[in-house]
Amino acid sequence: MSYFRVNENCNGCLACVENCPASALSFSDRNGRRTLQHNMTKCARCGQCWRICPQEAIEFQYLLVGKWDEVVTLDLIHCQVCGVPLYSTAYGQKLARTLNSTGDALCPQHRQRQAASRWPEVGAGRTKLKLGDK
Amino acid sequence: MIVGDIKPLAEIVSAINEYKQVLVLGCGSCVTVCLSGGSKEAEQLSHELSKMRHYQGTPPKFEVDTIVRQCERDLVLEYQDIPFGTDAILSLACGAGVQTLADALDPLPVIPALNTTFLGASAKQGIWTEMCRGCGDCVLTFTGGICPVARCAKSLFNGPCGGSQNGSCEVGLDTPCAWAMIFLRLQRQNKLHLLEEIRTPKDWRPGGAAGPRKRVRVGLGEGSN
């Protein structure tokens, strides 16, 4: 569905095509029918078409607030403990190559807990550094 | 594009603290591209302004929105929703956008959140530099595409001043001398003869010296008559 939409008032007069400063509107006459065409990559959303249309047919609001287009969908890696999504599998692989190791998939909170659990003596206060210790 | 910088927070707070409900309105064009006044900056500013520590009394309530361009009156009037109870708008547009809003929504107060700084371009990510001062009588044809009005600290028209040293301007070593650049580029283009031609003094009236400027596009709207 195009972001450039017209209502039932459009009579194909081509005023919008003629007056689009960005050449984002065009048309084709084929098989006895006229088709209005819009190219979003050229559109400056300047509103000239909306201003110029003698039929008040252009629904410009769809060029101001549109829906999201899906671009790409990738598999995700989740935290091993709580299951929150962390990053994509492809990102995880790049990370592993860069760091030359594969770490556990953990969210920041559980990564912190894992790190703390590796030092039980410090946590329990059993290992205290004395002044002069190196 | 038009480049703007967010005003100091204290200045913004002092301008809005008398209101109860403020619409923080971003602009979706130039100031979005230069990362100072788009939807993201509007959200961030609203978040910061909502903090109690900025106020002696109760902070205003904030709503946030962004429109594609604040500088087009008819678009603003047709498509910009003003939430019920709004008693001021904090605009992140350039000065043209702020004034268009203020005219279109009169008497609702419209407060600028940005200082509009210059017409510029981005040569490197995160850096924008002034390129044009809108003087209304472009001389780039004769100066190798380098503007002496905007890029020479003194806007000189007849070559560099005595402050030009090794290609740098006396205002700072990181500011290139526009006339050194002009000379070197014209040299590369084999067009140094352009500097020897006598030109009439620049007419500054199209640059705003004759009052506020207005452009009428013949054949369109008001220009059709």
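For the numbers below, each heavy atom of this structure counts, side chains included, while hydrogens, waters and symmetry mates do not. Convention: sequence-line order gives letters A, B, ...; per-chain numbering from 1. Predicted model, so just to flag it, every value in this text is computed and none were measured.
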Quiz item: Has A/Y91 got more than 12 heavy atoms of other residues, nucleotides or ligands less than 6.0 Å from its OH?
Solution: no
Practice problem: Heavy-atom distances under 4.5 Å only: say whether B/I67 touches chain A with side chain, backbone, both or neither. | Solution: neither
Geometric donor-acceptor pairs, no angle filter, chain A-chain B, under 3.5 Å:
unit_1, atom_1, unit_2, atom_2, d
A/A44, O, B/R69, NH1, 3.4
A/R45, O, B/R69, NH2, 2.2
A/W50, NE1, B/Y79, OH, 3.4
A/R51, NE, B/D74, OD1, 3.3
A/R51, NE, B/D74, OD2, 2.4
A/R51, NH1, B/E72, OE1, 3.3
A/R51, NH2, B/E72, OE1, 2.3
A/R51, NH2, B/D74, OD1, 2.9

Self-check item: A/N31 atom CG: more than 12 heavy-atom contacts under 6.0 Å
Solution: no
Quiz prompt | A/R34: side-chain hydrogen bond (donor to acceptor under 3.5 Å, both in side chains) partners, not counting sequence neighbours | solution = A/D29
Self-check item: Step-by-step side chain to side chain contact (heavy atoms under 4.5 Å, CB included) determination, B/L220 to A/I52
Solution: CA-CA 9 Å; B/L220 191 66; A/I52 209 88; 3.8 Å; yes
